[in-house]
Amino acid sequence: MSTAAIHAGWRADDMHGALTPPVYASTAYAHEDHASLKDLFARRSSGYAYSRSGNPTTAVLEQRMAALEGGTGAIAVASGQAATTIALCALLAPGSHVVASQLLYGGTTEFLGDTLADLGVTCTVVDPWDLGAWERAITPATRAVLVESIANPGAQLVDLPAISALAHARDVPVVVDATLAGPALHRPGEHGADVVVHSATKHLCGHGTTLGGVIVDTGSFDPRRCPDRWPRLTTPNARFGVTFADEYDRGGSGLLAYARSKYVTDFGAALPAASAQQILVGIETLDLRMRKISADAAALAGRLHGSEGVVRVDHPTIPGRPDAHLAERDFPRGTGGVFSIDLAGSEEAAAAFCDALELFTLAVNIGDARSLVCHPATTTHCHLSETQRRACGVGPGTVRLSIGLEDLEDLSADLERGLAAARAVTGPLAGADPVVAVRG
Ligand SMILES: Cc1ncc(COP(=O)(O)O)c(C=O)c1O
């Protein structure tokens with residue numbers, strides 16, 4: 001993993017021997033003659049024509065992410081939201097159905113319930129820890145199952161091998177949003193996922209500088225197994241003149257080629273070359289960063305658990321968490337740097353806590369080098385209904401923490417400062433109620 005993070009996709013053999021992949025800041029690419037550009041557009045050759053459909057710097061990121069995830073290929077797009085949108089649009093069609101975990105980033109929940117509904121796709125949301133619910137929710141119209149491997153904001157883990165087995169038994173591909181884990185902690189393809197999406201904005205970039213997203217094909221989804229389910233992949237495409245699923249035999253991916261040709265191009269969701277380069281630099285230290293933030297997050301979660309005024313800590317290491325065995329089995333390198341706490345005294349206490357912090361910055365991002373804090377109910381999850389928020393484990397007193405690379409003791413002291421401020425608005429409180437993650 002550490003070696004691929006530095007080397008995959010790039011050798012210093014360009015004309016100047018650049019060690020780090022250069023930024024190809026070019027919109028279009030010159031071609032020697034008419035035949036060369038004609039062949040490219042007719043898909044008889046490969047290369048670059050226009051950066052909305054492909055760029056050499058972005059291609060390095062794509063190859064590196066495919067290597068890190070052990071996939072057959074990857075496409076980089078403008079944001080994590082674009083990655084989820086495009087991956088699902090490539091699998092779903094009007095009249096089809098998706099089954100999704102209820103523990104998802106708020107923007108994904110909004111996309112599923114609003115924009116996908118506009119496109120004629122229905123969605124059933126299930127408790128990811130209830131395997132029977134997954135089984136019952138899959139119908140003949142289901143074309144994708146969607147989960148986060150570590151859920152935002154409560155760091156809940158899913159039994160991916162079990163969910164994948166249920167979905168695959170019904171020939172439904174599994175899409176995993178692996179943003180909070182990143183390939184340093186967990187490679188979903190090794191646990192049954194067919195498609196992996198990332199918000200590269202978070203840990204992959206790692207320094208809060210750049211928006212980006214990645215879609216990886218792990219190589220296990222072959223639409224030709226049930227050709228009638230995926231006619232857009234398994235029959236000749238009138239617009240592009242190819243049958244995308246045929247690419248499967250050439251070691252590529254019908255799904256990614258389709259997604260890039262159609263959706264990245266039509267939605268215009270290309271990743272700028274400069275962004276790809278920032279993300280590539282970030283990935284070089286991904287392994288080191290993920291180890292430190294995972295260890296520090298677990299230590300801080302342990303200290304917060306039982307603190308006066310904290311009614312719940314949502315982290316897999318907290319006693320009683322039903323996913324503790326999954327942490328041990330599937331996440332031996334840690335469960336990342338994002339988790340949430342619930343404060344007694346509701347939003348008023350959460351506001352006092354956030355405002356008193358000096359080191360944690362109040363900002364709606366995660367996976368930065370800096371530690372960040374936010375109040376999901378009024379920000380990332382504010383467009384959801386009360387019921388949807390509860391299902392995501394987000395209440396009025398919930399605060400999300402994203403642990404950065406600062407010194408553990410400084411972070412701990414800052415959280416103590418926040419708790420003191422929260423207690424000042426709620427008055428004296430009993431000890432913590434060791435409530436575990438919200439269910440249902
Ligand atoms: C788990 C998860 N997936 C997807 C996204 C969307 O990513 P982006 O902001 O890069 O569009 C986020 C953003 O917070 C996220 O937390």
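For ligands, and for the atoms within them, numbers begin at 1 and follow the listed sequence.
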Query - Protein contact to atom 15 (C) of ligand 1 [nearest heavy atom, distance to 0.1 Å] - result: Tyr105 CG, 3.5 Å
Requested in this report: Within a distance under 4.0 Å of any heavy atom of Glu148, pick out the atoms of ligand 1 and give their elements.
Outcome: 1 (C)
Query raised in the report: Tell me: protein heavy atom nearest atom 16 (O) of ligand 1, and distance?
Result: Asn152 ND2, 2.8 Å
Query - Cationic N near anionic O, under 4.0 Å, Glu328 to Arg321 - result: no
Query raised in the report: Contact between Lys202 and ligand 1, counting heavy atoms under 4.0 Å?
Result: yes
Report task. Decide if atom NE2 of His325 counts as having more than 12 heavy atoms of other residues, nucleotides or ligands within a radius under 6.0 Å. Result -> yes
Report task. Could you tell me whether Trp230 and Phe221 have their ring centroids closer than 6.0 angstrom? Result -> yes
Query raised in the report: If we only count N/O pairs under 3.5 Å, is Thr84 in contact with ligand 1?
Result: no
Query - Residue Arg239 excluded, over 12 heavy atoms near CZ under 6.0 Å - result: yes
Query raised in the report: Does the N or O separation between Gly80 and ligand 1 drop below 3.5 Å for any pair?
Result: yes
Report summary line: In ligand 1, the atoms that come under 4.0 Å of a heavy atom of Thr201 are 8 (P), 10 (O)
Requested in this report: Provide the number and element of each atom of ligand 1 under 4.0 Å from a heavy atom of Gln81.
Outcome: 6 (C), 7 (O), 8 (P), 11 (O)
Report task. Describe, in one word, how the ring planes of Tyr29 and Tyr48 are oriented to each other, choosing from parallel (under 30°), tilted (30 to 60°) and perpendicular (over 60°). Result -> tilted
Query - Identity and distance of the protein heavy atom lying nearest atom 7 (O) of ligand 1 - result: Ser199 OG, 3.1 Å
Query raised in the report: Taking N or O atoms only and a 3.5 Å limit, does Asp177 qualify as a polar contact for ligand 1?
Result: yes
Query - Rounded distance (nearest 0.5 Å) linking atom CG of Leu112 with atom CG of Leu104 - result: 6.5 Å
Requested in this report: Hey, can you tell me if Phe240 and Phe244 have their rings parallel, tilted or perpendicular (30° and 60° cut-offs)?
Outcome: perpendicular
